[in-house]
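Written out below as structure tokens is the structure these notes cover.
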Amino acid sequence: MQITVGRRPRNPRPRSGPARFVPLAAHESSTADLLHGCPVVTASGQRVGIVDRLMIDVVTHQLRYVVLARKRGSAIVALPWHALYFDAAQSKLVFYTLG
């Protein structure tokens with residue numbers, strides 16, 4: 001049993017092996033280049049952010065997340081790819097949720 005006071009316990013076993021997801025920047029792929037800077041909005045049209053990079057699953061080689069550009073001091077936001085669709089009429093990615 002590990003008890004700590006005032007801070008998180010350290011992981012006794014560091015993770016071995018390659019990372020599961022890798023970032024894909026605009027200059028590394030034509031698809032990433034096409035989506036880089038693309039606006040992301042909600043279904044009601046409210047702006048969420050713009051695409052900074054894509055996250056690819058190393059095991060399956062599939063696109064899993066879209067990472068939005070950060071404002072200074074803000075958190076990183078990664079949206080699941082399956083929760084987005086491209087609205088060609090407006091040239092925007094739309095983030096939709098149920099509810």
Side-chain angles (χ1 to χ4, degrees):
M1 183 164 133
Q2 185 177 21
I3 300 173
T4 59
V5 177
R7 63 184 181 131
R8 290 184 179 174
R10 290 188 178 156
N11 187 354
R13 287 180 273 156
R15 183 178 171 174
S16 62
R20 175 69 189 252
F21 300 101
V22 293
L24 188 62
H27 68 275
E28 297 173 316
S29 161
S30 60
T31 302
D33 188 40
L34 288 171
L35 289 175
H36 183 77
C38 182
V40 180
V41 298
T42 63
S44 63
Q46 192 174 31
R47 186 167 190 253
V48 177
I50 61 170
V51 176
D52 182 46
R53 61 187 63 226
L54 307 176
M55 296 298 285
I56 307 298
D57 186 329
V58 174
V59 175
T60 64
H61 303 286
Q62 293 179 339
L63 175 59
R64 293 293 184 193
Y65 297 96
V66 172
V67 179
L68 303 183
R70 291 175 32 169
K71 293 181 184 175
R72 212 171 271 221
S74 66
I76 295 173
V77 176
L79 301 174
W81 177 247
H82 70 271
L84 297 163
Y85 70 90
F86 186 73
D87 185 342
Q90 296 183 26
S91 297
K92 295 179 181 182
L93 280 172
V94 179
F95 175 57
Y96 60 93
T97 59
L98 298 175

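Computed from heavy atoms alone, side chains included, the values below leave out hydrogens, waters and symmetry copies. Nothing here was measured: the structure is a model prediction, and the numbers come from that model.
- Applying the salt bridge (charged side-chain N to carboxylate O under 4.0 Å, His left out) rule to pairs touching residues 60-81 yields Asp57-Arg64, sequence neighbours excluded.
- The shortest distance between side-chain heavy atoms of Leu63 and Ile56 falls below 4.5 Å.
- Pro39 and Ser91 make their closest contact through CD-O, 3.8 Å (heavy atoms, listed as atom of the first residue, atom of the second, distance).
- Using a 4.5 Å cut-off on side-chain heavy atoms (C-beta onward), Val67 and Val77 make no contact.
- Under a hydrophobic-cluster definition in which Ile, Leu, Val, Met, Phe, Trp and Tyr are linked whenever side-chain heavy atoms come within less than 4.5 Å, directly or via other members, Tyr96 and Val66 are assigned to different clusters.
- Grouping the Ile, Leu, Val, Met, Phe, Trp and Tyr side chains by contacts below 4.5 angstrom, directly or via other members, places Leu68 with Val22.
- Following chains of ILVMFWY side-chain contacts shorter than 4.5 Å, one can reach Ile76 starting from Phe21, so the two form part of one hydrophobic cluster.
- In this structure, Phe86 is a member of the same hydrophobic cluster as Phe95, with clusters built from ILVMFWY side-chain heavy atoms closer than 4.5 Å.
- One finds the NE2 atom of His82 at 8.0 Å from the OH atom of Tyr65 (value rounded to the nearest 0.5 Å).
- The CD1 atom of Ile50 sits 12.5 Å away from the NZ atom of Lys92 when rounded to the nearest 0.5 Å.
- When every heavy atom of Val51 is checked against every heavy atom of Leu35, the shortest pair comes out as CB-O, 3.2 Å.
- Counting heavy atoms from C-beta on, the side chains of Leu84 and Leu79 come closer than 4.5 Å.
- Residues Asp52 and His36 form a side-chain contact, since some pair of their non-hydrogen atoms from C-beta on lies under 4.5 Å apart.
- Linking ILVMFWY side-chain heavy atoms closer than 4.5 Å, directly or via other members, places Leu24 and Val58 in a single hydrophobic cluster.
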